[in-house]
Amino acid sequence: MSQSYMDQESEGYNEIRPTFFLGQHDSTRSETLTETQYGQVLNSGFGFVTTPITNEKFHERVVSLLQSFLLDAKNIEQAGSIPDPVVPPLTIEDTTLFPGTYTSGLVAYASPWIDLCSPNHVISSISRQVLNLEVSYANFCGVRSIIVPGPKRDVSQVGNNQGITQYARAIQEAFSVGTRVNIMIHIPMYREPGLEDKVALLSVSEDVSEATLEGQDIDLFSAWDSWHVIRSVCEYDSRLFVALKIPRVLPEKELQTRWFSEPLQYLTLGPQTFQINRAGHPSLSRFHQAMIFTYMRLKNAPYFLLCDVGPEIQAEPENNLPAAADFPSLAEAATQQSASISSNTYHGPNAYAAYLRHLEKQQEPLNDLEQTTLTNFQDWLQSPLQPLSDNLESMTYEVFEGDPVKYNQYEMAIAAALRDWAALGKPTSSPGGEVVIAVAGSGRGPLVTRALRASESTGVPVKVWAVEKNPNAYVYLLRQNQQEWGGRVTVVKTDMRAWKGPLVSASHDHPVYGQVDILISELLGSFGDNELSPECLDGIQHVLAPGRGISIPASYTAHVSPIATPRLYSDIRQRAASSVEAHAFDTPWVVRLFALDFVAQRGVPDRPRFQQAWEFAHPLPRATLAAVEARRAGGVAGGGGGSMAGAVGANDHNARHCHLTFVCRSRGVIHGLAGYFESVLYESASEAQEEGEDGKVELSILPENIDRKSKDMISWFPIFFPLKEPLYFPPDTELEVSMWRQTDDAKVWYEWMVEAFMWVGPSQRVKVGGSDLCSSRKVACLL
């Protein structure tokens, strides 16, 4: 069978796909493999192997210690009069794991018979001591990964919360013992009936019978609940991971996505996970395949651990001198190989490993964007740009310019605006009849190029002005005008808010400035307004021709959704602990969100998963601009008001507030808010629109709309507003998000808060949790 998979050629052999790393685990293995046996496993198609840390002799010694203590305790009437037993240190008879050349390639597996959850404090104490001994010794030997069997019962089961907290505390203690090891909790995706491990624990008599468990309803999220308690007690330690048991019957997508967001290190598959196809070979259902293909898109994709699927390991041969029979003739060797294949003792590629290698080749290849950009930026935190206070480097501009989708959309918007201008016969601001275009914040000039190209494609003549405050980019623009644009562009070095408009008369005494017909900018941030686009465009609007001037973009909206993203929370927590990034939890981070779980339910009437927070539109009404100027000039009685004490309130019109409600069907946790934006660059007013189109040229990074409005655009990643502490919520919860865009005329910042409510009657809710009021004021954007 395995040969049939191994012989298949991939049609796109030169295409890049995520790599499957396969490991082998044998639950009956009680001794560390010798180098020869280790080689046998590797030759069967595996890349790494698990090893027990202690052996059966140590197990027997611990059981004997427990039994003798319980016997002594029975003969003593006074409770607590004898101390708990202490497990003695390991001896050479207790283990076959030693430092060696291949030890760092082994994954240690802690003893499955310990019971960290036992309600008997003696048993739980002995179990905790055994775990610490094993972790400490494996750490000494050079092992870097240890898998610890997860709890057998979950926190949601009545009376078992104490056991899970005991387990979690033991894992936290193990981290202080093994200072250089990663710990993986081996836990099922959910408690699939009839497929739980049958392991004799130290506290066998206290186990719940299988018949009792089978009579209960399946709680799909109970195992995740237990994992959440463990990682919360361990304070989201970056060395704590999940070894996830894949069930035979997959649960609903909601639970699959929940585990997708967690720090997965291993996907473990046993024989019961596979089904046998018509040819008698192991295979996985198409649902399993789809889930695996999704998980393998993670930048830190999980490894596969095949459990109890072979190969059968041969005993180490004795060191006898070879005899003549050890060197058969070619004919004899061929006969022996045929016989071993027919008797299923042939030690070629493992059938299960070969199938996964076959599955590896069935993945969709990584496209160019995934290979070069998208995968590398997964869940990588970036501070938002401050374009008003910082001068960007050429490399930063070059990254922006690498997105053709955005600039194609801009060119379409400019061309549509020029066609409408000509079709409507609108007057221009140029004496020669050309449409005057200004590109505010030109950078290295990509929008200038697109404006000239739109003019050529529509046949509408234009005059273009490029306004840029960055003195270094200004030099580059002059070079572009000389070499690429043929001197057709007027380049101006100034802050756009200080620009007086196109120079019509160059008289030194009384220079005359004209107006702009179309104002183009690319000041949008991941949340639309987070890079101060409203303030910048307010400052330059005075040059726009009143009544007929066009702003591209015309409007933009901000959208939010509550999410679970444990990896990001762990990363931010580590940063906040350092003095360099003490305000990490106050920072709205730009990040390509990938390993996340959208906790809000889809399809709820009036409560969608993604909700609009607010909107900005340009140009502003002239009355609004006049009021702003009056405040700025001190023309409003009782100054010193505004949105913040001490400010005149000249930027109050750009403050915003929203209150949104999201419905969550299943229990879960959120770590913050995901922010997105959409923008209408231009909406055509021409009657010559193609049938069936609304005339809008749009940009969107909203997951539900990006493929429809601006497919494959990568210029903006989402923004993440973190919570200082994770917020856990029960099933059927309403999450209420309050958010503010604040300003004091000198800077702009955000504030956000999340509250969880649960209905207890037709007209009554109770608050079951809430976050602190978070604020980015300490890292605000400066005006």
Worked check of ring-ring contact (aromatic ring centres under 6.0 Å, His included) between Tyr569 and Phe585: CA-CA 9 Å; Tyr569 178 80; Phe585 278 112; 5.5 Å; yes

Test log, rule side-chain contact (heavy atoms from CB on, under 4.5 Å), inputs Lys696 and Lys709: CA-CA 10 Å; Lys696 290 182 180 179; Lys709 296 184 177 183; over 6 Å; no

Derivation and outcome, side-chain contact (heavy atoms from CB on, under 4.5 Å), residues Leu503 and Tyr513: CA-CA 5 Å; Leu503 186 62; Tyr513 298 96; 3.6 Å; yes

Criterion side-chain contact (heavy atoms from CB on, under 4.5 Å) on Thr428 and Val436, from CA distance to verdict: CA-CA 7 Å; Thr428 70; Val436 179; 5.8 Å; no

Residues Phe720, Ile563; criterion side-chain contact (heavy atoms from CB on, under 4.5 Å); working and verdict: CA-CA 9 Å; Phe720 177 60; Ile563 62 170; 3.8 Å; yes

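Proximity of Leu735 to Cys664: side-chain heavy atoms (C-beta onward) are separated by under 4.5 Å at one or more points. Counting heavy atoms from C-beta outward, Glu468 and Val491 have side chains that stay 4.5 Å or more apart. Residues His671 and Leu568 fail the side-chain proximity criterion, which asks for heavy atoms closer than 4.5 Å. Side chains of Pro502 and Val516 form a contact here, defined as non-hydrogen atoms less than 4.5 Å apart. Between Phe377 and Ile714 there is no side-chain heavy-atom pair separated by less than 4.5 Å. For the pair Lys406 and Ser710, the minimum side-chain heavy-atom distance is 4.5 Å or more. You'll find the side chain of Ile706 stays beyond 4.5 Å of the side chain of Tyr676, heavy atoms only. In this structure, Leu374 and Phe594 have side chains that are not in contact, with every pair of non-hydrogen atoms separated by 4.5 Å or more.
Distance OG/Ser679 to CG/Leu699: 5.5 Å, rounded to 0.5 Å. A distance of 4.5 Å separates CD1 of Ile518 from CG of Leu418, quoted to the nearest 0.5 Å. Of the inter-residue distances, the one linking Thr733 atom OG1 with Lys767 atom NZ reads 13.0 Å to the nearest 0.5 angstrom. Note that CH2 of Trp485 and CG of Leu477 are 5.0 Å apart. Values are rounded to the nearest 0.5 Å. Taking CG of Leu681 as the reference point, atom CE of Met412 lies at 9.5 Å (rounded to 0.5 Å). Rounding to the nearest 0.5 Å places CG of Leu519 at 9.5 Å from NE2 of His618.
Nearest heavy atom pair, residue Ile550 against residue Leu544, reads O-CD1, 3.8 Å. The heavy-atom pair separating Ser684 from Asp420 by the smallest distance is OG-OD2, 2.9 Å. Shortest non-hydrogen contact noted between Leu447 and Ser521 is CD1-C, 4.2 Å. Annotation for Val754 and Leu673: closest pair CG2-CD2, 4.0 Å, computed over non-hydrogen atoms. A pairwise comparison of heavy atoms in Met496 and Gly441 identifies CE-N, 3.7 Å as the closest pair. When every heavy atom of Pro588 is checked against every heavy atom of Ile719, the shortest pair comes out as CB-CD1, 3.7 Å.
Although no hydrogens or angles enter the test, the distance criterion places no donor-acceptor pair under 3.5 Å between the side chain of Arg419 and the main chain of Thr458. No donor-acceptor pair under 3.5 Å is formed between the side chain of Asn391 and the backbone N or O of Pro471. In this structure, Lys426 contributes its side chain and Arg548 its backbone to a donor-acceptor pair below 3.5 Å. Remark: side-chain polar atoms of Asp517 are paired, donor with acceptor, to backbone N or O of Ser429 under 3.5 angstrom. The backbone N or O of Glu581 lies less than 3.5 Å from no partner atom in the side chain of Arg575, so there is not a single donor-acceptor pair. Side chain of Asn481 to main chain of Val489: a donor-acceptor pair is present (N/O by atom type, distance under 3.5 Å, no hydrogens or angles). Judged by distance alone, with hydrogens and angles left aside, the side-chain atoms of Gln409 form a donor-acceptor pair with the main-chain N or O of Glu698 at under 3.5 Å. A donor-acceptor pair is defined here as one N or O able to donate and one able to accept, closer than 3.5 Å; no such pair exists between the side chain of Ser533 and the backbone of Leu524. When atom types are taken as modelled, the side chain of Thr743 and the backbone of Asp745 share a donor-acceptor pair closer than 3.5 angstrom. The main-chain N or O of Cys774 is never found under 3.5 Å from a side-chain atom of Asp772 such that the two would form a donor-acceptor pair.
Salt bridge present: Arg741 and Glu535 bring a charged side-chain N and a carboxylate O closer than 4.0 Å. For Arg602 and Glu704, the salt-bridge test passes: some basic side-chain N is under 4.0 Å from an acidic carboxylate O. Taking 4.0 Å as the cut-off between side-chain N and carboxylate O, Arg765 and Glu736 count as a salt-bridged pair. Using a 4.0 Å cut-off between a side-chain N of Lys or Arg and a carboxylate O of Asp or Glu, Arg567 and Asp571 do not qualify as a salt bridge. Using a cut-off of 4.0 Å between Lys/Arg side-chain N and Asp/Glu carboxylate O, Arg607 and Glu734 are scored as not salt-bridged.
The side-chain tip of Arg656 points at the ring of Phe616 from less than 6.0 angstrom away and within 45° of straight on. Annotation: cation-pi geometry not satisfied between Arg450 and Tyr407 (NZ/CZ under 6.0 angstrom from ring centroid, within 45° of ring axis).
A donor-acceptor pair shorter than 3.5 Å can be found between the side chains of Glu751 and Trp749. Looking only at atom types and distance, the side chain of Arg708 has no donor-acceptor partner in the side chain of Ser700 under 3.5 Å away. Asp403 and Ser715 share a donor-acceptor pair across their side chains, judged by distance under 3.5 Å alone. Of the N and O atoms on the side chains of Ser561 and His559, not one donor lies less than 3.5 Å from an acceptor on the other residue. In this structure, a donor-acceptor pair under 3.5 Å is present between the side chains of Asp538 and Asn654.
Relative orientation of the Trp465 and Trp499 rings is tilted, given thresholds of 30° and 60° on the angle between their planes. Using bins of under 30°, 30° to 60° and over 60° for the plane-to-plane angle, the ring pair Phe721/Phe527 lands in the perpendicular bin.
Taking the six-membered ring for Trp and the full ring otherwise, Tyr397 and Tyr476 have centroids separated by 6.0 Å or more.
Applying the side-chain hydrogen bond (donor to acceptor under 3.5 Å, both in side chains) test to pairs two or more places apart or on separate chains, those with a residue in residues 585-594 are His583-Asp586. Pairs of residues two or more places apart, or lying in two chains, that qualify as salt bridge (charged side-chain N to carboxylate O under 4.0 Å, His left out) and include a residue from residues 480-489 are Glu456-Arg488.
The neighbour count for Glu615 CD, taken as heavy atoms of other residues, nucleotides or ligands under 6.0 Å away, is above 12.
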